[in-house]
Amino acid sequence: MSEQAVTAQSEDFSRWYNEIVYRADLAAPSPVRGCIIIKPYGYEVWEGIKAGLDRRIKETGHQNAYFPLFIPESYIKREAEHVEGFSPELAVVTHAGGRELEEPLVVRPTSETVIGEAFSDWIQSYRDLPLLINQWANVVRWELRTRPFLRTAEFLWQEGHTAHASHDEAEEETLQMLDVYADCAVNDAAIPVIKGEKSRMERFAGAMRTYTIEAMMRDKRALQCGTSHNLGQNFAKAFDIRYLTEANTQEFCWTTSWGLTTRMVGAVVMTHGDDKGLRLPPKLAPYQVVIVPIYKRDAQRVAVMEAVERLREALTESGIRVHVDRREGQSPGFKFNDWEMRGVPVRAEIGPKDVENNNVVLARRDVLGRQGKQFVSQDGVVDAARDLLADIQRALLDDAQAFRDAHIQDASSYDELRAVVEAGDWARSWWAGSDADEQAVKDKTGATIRCFPFEQPGGRGECVKTGKAAEKVALFAKAY
RNA sequence: CGGGGCGUGGCGCAGCCCGGUAGCGCGCACGGUUUGGGUCCGUGAGGUCCCCGGUUCGAAUCCGGGCGCCCCGACCA
């Protein structure tokens, strides 16, 4: 008997998270500080997210392209706020080919600058607009404090960059892509998110407006899962992205950018995971069903494996991702725990008794123990599995949403806000404060404005900090 | 960059105070046993004890210096 249980979430969430990431085989430590090796199982989760998002990006009229990893240092400096925002975390190449470079090359932290430069060439006339480009890439930001998936020195993402003829068109695009992100989060990752606008302080470096989808993790901390920026004409002016109007006048374009990262994998872990390990939403699970064969003697083995193989084929043919656990050395009990750790939504058990009765046991990951098990006729397995998967997908979302809603509270005074945040919950409060006020709240409580949610109560209220008349409520929370 | 902690087989650790040339658990390999909720037994492989220097007949252990990592904050997707 070995000691194999993970640290409980309630005991030390951060330790729980780290253990799950490594033990569920999502990632491995890397030789470089702050980076991780994304292992096949973790990468497949990312590929699932990526596939769903890429499809939606294309459906909304964007095309994929690829821009260079290296950016001339001077580019970064062209947009004032952008430099200021990113300088501290840049990785810079000063030598190449055995010689010092004339101009250092920045390893991209994001690509507004290179892409902006390209756009200025590509766009001549209003007929070239809108220009809708996306790229899948890796970027590097030398963060001081890193965590697997949530914040790594190098991460994978998608960054969309678009140029438009008017502010309103750009704004529409920005909001459309936020909807796309929310759709991915909710319908693929089963993560309920709150759409909203970032405060000035939390805005992207160089953006006019930043929109976000915010999710609540199992420790009640907030995680920004994706952002969409209306860049106004800031980058167009810095990179001279202009177009000729129908009336033959020169105008600056209105640009947007939006990104979603491998952080989403961390969000899946922290939104759905429990003390037994991962709980993967069926739509993103590399294996949706794992079959664990059970047998004692060779004679049983043959019969059981025959049934297993039949089942595997039937499930695969119906489009379900199946894995058969053929490992010889491990007991069924060990395998049950192992696959629970790895979050496979449905486990199918087939033993001699099932072969005899033409049965199979289906166990759902989101309902542990006997309650989550059911006997199904082998002939009905495909339908049963399909129903179960759909149900689990829904249940995970409902579960996460109920959890989140139970931990957001209205706070109508500063004292209340502090109490709510101190209890770990999110506070919803009227806000009309300045940057300094926002900073003060952060210093005092550790909470930041996650966003001004699109869903507003309406009317006006009294700012929780300044007492001034406020038109919007903000969500305050401790964040990753 | 401030505050804590730690560097010993793949992983987690003990040994260090009181120097004598390395041990435990897990994992791994092989054999057997077991298999419907983390089987058990046996055999075996695997180590520059972070690095450099010093003290000593002898250093994982003592002394000096370096390096690295982790955790907690500030910066951030």
Side-chain angles (χ1 to χ4, degrees), chain A residues 1-7 12 14-15 18-19 22-23 28-34 84-90 109-110 138-159 181 198 201-205 210 212-215 222-229 257-267 276-277 292-298 300-301 304 325 327-341 347-357 359-361 363 368-370 372-373 375 439 442-443 446 448 478-480:
Chain A
M1 229 306 255
S2 56
E3 211 210 320
Q4 290 171 328
V6 273
T7 302
D12 184 342
S14 166
R15 195 167 156 191
N18 276 304
E19 284 181 16
Y22 295 127
R23 291 176 58 176
S30 98
V32 179
R33 188 203 76 93
E84 202 188 319
F86 282 105
S87 295
E89 54 192 49
L90 295 179
T110 178
N138 57 338
V139 289
V140 169
R141 299 182 188 176
W142 218 255
E143 303 288 356
L144 299 173
R145 178 130 157 63
T146 59
R147 292 161 178 275
F149 292 112
L150 301 181
R151 182 169 301 104
T152 44
E154 178 191 10
F155 57 92
L156 306 182
W157 76 346
Q158 143 289 309
E159 50 177 323
Y181 287 162
K198 283 289 182 192
M201 279 188 79
E202 299 277 327
R203 203 176 277 162
F204 176 74
T210 288
T212 177
I213 51 172
E214 297 283 328
L223 187 73
Q224 177 178 312
C225 291
T227 46
S228 186
H229 317 289
S257 69
W258 24 277
L260 184 144
T261 79
T262 33
R263 165 180 275 191
M264 203 67 186
V265 177
K276 290 290 248 173
V292 178
I294 300 163
Y295 46 80
K296 289 195 175 91
R297 308 263 166 227
D298 273 358
Q300 292 180 333
R301 181 170 174 277
V304 166
D325 189 345
R327 287 177 292 180
E328 294 282 348
Q330 270 83 13
S331 67
F334 176 91
K335 292 178 179 177
F336 296 169
N337 283 283
D338 196 37
W339 292 112
E340 275 163 10
M341 165 76 68
R347 178 181 71 241
E349 307 169 13
I350 305 182
K353 282 183 244 166
D354 304 305
V355 171
E356 212 172 292
N357 303 326
N359 272 342
V360 54
V361 175
L368 292 169
R370 196 168 296 171
K373 289 194 182 188
F375 285 92
Q439 186 62 45
K442 185 178 182 184
D443 293 343
T448 49
K478 289 181 184 165
Y480 276 100

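The model shown is predicted, which means the values in this text are computed figures rather than measured ones. Each chain gets a letter, A, B and so on, in the order the sequences are listed, and its residues count up from 1.
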Practice problem: For A:Trp157 and A:Gly259, work out which heavy atoms get closest and say how close. | Solution: CE3-CA, 4.3 Å
Quiz prompt | N/O donor-acceptor pair, side chain A:Lys373 with base B:G36, under 3.5 angstrom | solution = no
Quiz item: Considering only side-chain heavy atoms of A:Ser331, which listed nucleotide, B:U39, B:G37, B:A77, is closest?
Solution: B:U39
Self-check item: Distance between C1' atoms of B:C71 and B:G58 (Å, rounded)
Solution: 38 Å
Exercise. List the steps and the verdict of salt bridge (charged side-chain N to carboxylate O under 4.0 Å, His left out) for A:Glu340 and A:Lys335.
Key: CA-CA 8 Å; A:Glu340 275 163 10; A:Lys335 292 178 179 177; over 6 Å; no
Quiz item: Which listed nucleotide (B:C69, B:A74, B:C71) is nearest to the side chain of A:Leu144?
Solution: B:A74
Quiz prompt | Pair partner, B:G44 [Watson-Crick or wobble, under 3.5 Å] | solution = B:C28
Practice problem: Answer with base, sugar-phosphate or nothing: what part of the nucleic acid does A:Glu143 contact at a heavy-atom distance below 4.0 Å? | Solution: base
Self-check item: Base partner of B:C69, which must satisfy Watson-Crick or wobble distances under 3.5 Å
Solution: B:G5
Quiz item: Does A:Lys335 place a side-chain N or O at less than 4.0 Å from the phosphate oxygens OP1/OP2 of B:U39?
Solution: no
Quiz prompt | Pairwise P distance, B:G38 and B:C13 [rounded to whole Å] | solution = 27 Å
Quiz item: Going by atom types alone, do A:Glu214 and A:Thr212 pair a side-chain donor with an acceptor below 3.5 Å?
Solution: yes
Exercise. Look through every strand shown and name the nucleotide pairing with B:A74 as Watson-Crick or G-U wobble, where both distances are under 3.5 Å.
Key: none
Exercise. Establish, with yes or no, whether the OP1 or OP2 oxygen of B:U34 is under 4.0 angstrom from a side-chain nitrogen or oxygen of A:Arg297.
Key: yes
Exercise. Using whole Å, report how far CD of A:Glu328 lies from P of B:U35.
Key: 14 Å
Quiz item: Using the C1' atom in both, what is the distance from B:A14 to B:C24, to the nearest Å?
Solution: 7 Å
Exercise. Check the distance between B:C69's C1' and A:Tyr22's OH and give it to me in whole angstrom.
Key: 12 Å
Quiz item: Between B:A59 and B:G37, how far is it from one C1' atom to the other, in whole Å?
Solution: 49 Å
Quiz item: What interatomic distance, in whole Å, is found between C1' of B:C67 and the corresponding atom of B:C51?
Solution: 7 Å
Self-check item: hbond_proxy A:Asp338 side chain to B:G38 base (donor-acceptor, 3.5 Å cutoff)
Solution: no
Exercise. Check every strand shown and say whether A:Gly351 touches a base, only sugar-phosphate, or nothing at a heavy-atom separation below 4.0 Å.
Key: base
Quiz item: Does the cation-pi check pass for A:Arg141 over A:Phe86, that is, NZ or CZ under 6.0 Å from the six-membered ring centre and within 45° of its axis?
Solution: no
Quiz item: Expressed as a whole number of Å, how far does the P atom of B:G68 sit from that of B:C57?
Solution: 35 Å
Self-check item: Strand partner of B:A60, provided both Watson-Crick or wobble distances fall under 3.5 Å
Solution: none
Quiz item: To the nearest Å, how far apart are A:Ile294 CD1 and B:U34 C1'?
Solution: 14 Å
Practice problem: Can you tell me the distance, in whole Å, between the CZ atom of A:Arg327 and the P atom of B:A29? | Solution: 12 Å
Quiz item: So what does A:Ser14 touch, heavy atoms closer than 4.0 Å: a base, only the sugar-phosphate, or nothing?
Solution: sugar-phosphate
Quiz item: Can you tell me if A:Asn18 uses its side chain to pair, donor with acceptor, with the backbone of A:Ser14 under 3.5 Å?
Solution: yes
Exercise. Under 4.0 Å between any heavy atoms, over every strand shown, what does A:Arg147 touch: base, sugar-phosphate, or nothing? Just pick one.
Key: sugar-phosphate
Practice problem: Output yes when a side-chain donor or acceptor of A:Gln300 lies under 3.5 Å from a complementary backbone atom of A:Lys296, and no otherwise. | Solution: yes
Quiz prompt | Geometric class of the A:Phe204/A:His229 ring pair [parallel <30°, tilted 30-60°, perpendicular >60°] | solution = parallel
Quiz item: Does the base of B:G38 carry an N or O that pairs as donor and acceptor with the side chain of A:Gln330 under 3.5 Å?
Solution: no
Self-check item: Nearest-angstrom distance from the residue atom CZ of A:Arg370 to P of B:G36
Solution: 14 Å
Quiz item: Of all the choices, B:U39, B:A77, B:U35, which nucleotide is nearest to the side chain of A:Lys296 once you look at every atom?
Solution: B:U35
Practice problem: Between A:Asp354 and A:Phe86, name the one whose nearest nucleotide on RNA chain B is closer to the 5' end. | Solution: A:Asp354
Practice problem: Would you mind reading off the distance between A:Asn337 atom CG and B:U39 atom C1', rounded to a whole angstrom? | Solution: 13 Å
Quiz item: Between B:C40 and B:C26, how far is it from one C1' atom to the other, in whole Å?
Solution: 16 Å
Self-check item: Side chain of A:Lys442 - closest among B:C75, B:G36, B:A77
Solution: B:C75
Quiz prompt | Closest-nucleotide ordering on RNA chain B, the 5'-leading residue of A:Arg33 and A:Thr152 | solution = A:Arg33
Practice problem: Might you confirm whether atom CD of A:Glu84 has over 12 heavy atoms from other residues, nucleotides or ligands at distances under 6.0 Å? | Solution: no
Self-check item: Closest listed nucleotide, where the reference is the side chain of A:Asn18 and the choices are B:G37, B:C75, B:C71
Solution: B:C71
Quiz item: Should B:U39 form a Watson-Crick or G-U wobble pair with both distances under 3.5 Å, which nucleotide is its partner?
Solution: none
Quiz item: B:A77 P sits how many Å from A:Leu150 CG, rounded?
Solution: 13 Å
Practice problem: Take atom CZ of A:Arg203 and atom P of B:A77, then tell me their distance rounded to the nearest Å. | Solution: 14 Å
Quiz item: Taking the side chain of A:Arg141 as heavy atoms from C-beta outward, which of B:C70, B:G36, B:A77 is closest to it?
Solution: B:A77
Quiz item: How far does the C1' atom of B:U48 sit from the matching atom of B:U21, given to the nearest Å?
Solution: 14 Å
Quiz item: Who is the Watson-Crick or G-U wobble partner of B:G23, with both distances under 3.5 Å?
Solution: B:C13
Exercise. Can you figure out which of B:G36, B:G37, B:C69 approaches the side chain of A:Val361 most closely?
Key: B:G36
